[in-house]
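Worksheet: one structure, shown below.
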There are 2 protein chains.
Amino acid sequence: MSTAEETAGGEIEPWDEVTPDAARRLLVAAVEAFAERGYHATTTRDIAGRAGMSPAALYIHYKTKEELLHRISRIGHDRALDILRTAAAGDGDATLRLAEAVSSFVRWHAGRRTTARVVQYELDALGPEARAEILDLRRQVDAEVRGIIEDGVATGEFDVPDVHGTTLAVLSLCIDVARWFNVDGPRTPDEVGALYADLVLRMVGAAK
Amino acid sequence: MSTAEETAGGEIEPWDEVTPDAARRLLVAAVEAFAERGYHATTTRDIAGRAGMSPAALYIHYKTKEELLHRISRIGHDRALDILRTAAAGDGDATLRLAEAVSSFVRWHAGRRTTARVVQYELDALGPEARAEILDLRRQVDAEVRGIIEDGVATGEFDVPDVHGTTLAVLSLCIDVARWFNVDGPRTPDEVGALYADLVLRMVGAAK
DNA sequence: GCCGAAACTGAGCGCTCGCTTAGAACGCTC
DNA sequence: GAGCGTTCTAAGCGAGCGCTCAGTTTCGGC
């Protein structure tokens with residue numbers, strides 16, 4: 001039996017790894033509040049209120065407001081990295097693996113926009129040690145995408161003069177989806193994923 | 001004689017239109033503080049301190065902290081729109097005009113990263129009327145880029161199945177430069193501009 | 001049905017926030 | 001050099017912040 005929560009946007013957020021139930025409700029409430037207003041503009045009273053609890057209850061499950069953000073950021077980055085690793089380890093050629101990596105990564109940023117927004121844009125609110133931990137995960141994310149592009153260049157599938165710069169641009173393009181994607185807009189996450197996969201293949205000069 | 005200010009990053013910020021001098025110093029201080037910490041994490045005491053004034057002095061020149069953000073956002077969007085209009089109104093073909101639009105737009109986001117960060121990422125901190133005004137400017141930004149792409153499709157220079165989606169992606173790519181660009185990093189704004197112009201021409205299927 | 005640990009609440013502490021006010025200092029006009 | 005509007009500061013107000021704590025409720029194990 002799943003303990004997934006359904007948010008206002010209709011997204012299914014599988015925060016199954018967070019227990020007990022009250023801690024998960026608080027974390028989901030924090031994700032929504034941080035995504036809507038930003039970390040600094042969100043109050044602990046607001047988070048607790050959304051979870052149907054008193055302000056003090058938050059501190060039973062989390063030491064500080066920052067620990068909530070840290071947990072969210074860690075789980076989110078783990079998930080994002082997992083998506084890219086799965087795509088990178090696929091058994092197609094580089095073109096296919098890059099298309100799959102971009103479309104699934106974008107699908108996550110669009111479909112789980114609430115989470116992705118917090119994960120990608122609230123990094124600066126973390127303290128030095130927590131930020132360093134997350135930055136290490138980001139380097140691994142970068143390495144996965146760069147690896148696929150290097151593979152494609154090696155096999156002659158891609159024509160990329162600046163591998164590092166292009167990797168940066170591809171990731172930047174995908175990540176920024178979390179900023180502009182609108183659940184009530186004209187595009188589904190699947191459609192944006194397909195469009196972006198096509199655009200990225202063009203960027204690396206892959207044959208259609 | 002210019003009254004331009006030189007910031008810590010070595011960028012020249014021509015806030016000439018802001019007078020008197022004390023008001024401009026406060027505004028430049030606010031740009032730096034908002035860019036570093038975000039609007040909500042910045043205190044009016046910090047802004048005034050950076051400008052070498054007491055906290056109360058801020059309220060001689062601005063009604064509220066939000067008015068400071070509004071002024072910054074308005075001026076920044078005006079400048080960004082001006083850059084795109086100039087490129088769009090150039091006399092080359094669509095390929096040349098798109099390349100010029102992207103490279104100059106990216107150059108601004110990288111070279112004036114401090115300003116661009118505030119302009120692009122602190123929109124949600126504005127009140128409803130101010131936000132509506134800025135969103136209207138963003139629609140004009142979108143229309144300029146879309147116009148060039150439509151021109152290129154009409155002349156057969158570009159091969160773009162989804163003009164609206166591609167416009168969104170191109171702008172998204174450029175804007176996100178303000179998030180990741182590092183003044184101390186390996187690339188100059190000129191280099192990023194050139195790289196991105198090339199990537200965008202590939203995205204629209206333009207002949208090299 | 002009793003007990004101790006765990007989960008939770010109501011009240012509120014100490015602090016810092018955005019912003020205000022009273023009055024001093026400055027610069028310009030005549 | 002008197003008068004006056006402008007620009008600034010020192011002090012601080014009311015509110016809301018993150019977080020704490022004493023005490024109440026809940027609940028599984030026996």
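In what follows, chains are A, B, ... by sequence order, proteins preceding strands, each numbered from 1.
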* Asked: Considering only dC19(D), dC8(D), dC21(D), which nucleotide approaches the side chain of A56(A) most closely?
  -> dC21(D)

* Distance, rounded to the nearest Å, where L26(B) contributes CG and dC8(D) contributes C1' -> 11 Å

* To do: Mind listing the residues from residues 38-46 of chain B sitting with a heavy atom below 4.0 Å of DNA chain C? Number order is fine.
  => T42(B), T43(B), T44(B), R45(B)

* Does Y62(B) use its side chain to pair, donor to acceptor, with the backbone of A23(B) at less than 3.5 Å? -> yes

* Between E133(B) and H70(B): side-chain donor-acceptor atoms closer than 3.5 Å -> yes

Using a 3.5 Å cut-off and no angle test, enumerate the donor-acceptor pairs between side-chain atoms of residues 94-103 of chain B and protein atoms at least two apart in sequence or in another chain.
residue	atom	partner	partner atom	Å
T95(B)	OG1	E157(B)	OE1	2.7
R97(B)	NE	G92(B)	O	3.2
R97(B)	NH1	A88(B)	O	3.1
R97(B)	NH1	D151(B)	OD2	3.4
R97(B)	NH2	D151(B)	OD2	3.3
S103(B)	OG	A99(B)	O	3.1
S103(B)	OG	E100(B)	O	3.4

* To do: Kindly determine whether Y39(B) and E66(B) satisfy side-chain contact (heavy atoms from CB on, under 4.5 Å), including the steps that lead there.
  => CA-CA 9 Å; Y39(B) 176 80; E66(B) 194 198 315; 3.4 Å; yes

* To do: Name the residue closer to the 5' end of DNA chain D, choosing between E66(A) and I60(B) according to the nucleotide with the nearest heavy atom.
  => I60(B)

* To do: Report the distance from atom CE of M53(A) to atom P of dT25(D), rounded to the nearest whole Å.
  => 17 Å

* Asked: Under 4.0 Å between a Lys/Arg side-chain N and an Asp/Glu carboxylate O for R74(A) and D78(A)?
  -> yes

* To do: Rounded to the nearest angstrom, tell me the gap between atom OH in Y59(B) and atom P in dA11(D).
  => 19 Å

* Counting only N and O atoms by type, is there a donor-acceptor contact under 3.5 Å from the side chain of R107(A) to the main-chain atoms of R112(A)? -> no

* With a 4.0 angstrom cut-off to heavy atoms of chain A, pull out the first and last contacting nucleotide of DNA chain C, in 5'-to-3' order. => dC8(C) to dG12(C)

* Asked: Between Q140(B) and R85(B), does any side-chain donor sit less than 3.5 Å from a side-chain acceptor?
  -> yes

* To do: Kindly indicate, with the supporting measurements, whether the criterion salt bridge (Lys or Arg N to Asp or Glu O under 4.0 Å) is fulfilled by R79(B) and D82(B).
  => CA-CA 5 Å; R79(B) 179 76 191 114; D82(B) 187 52; 3.0 Å; yes

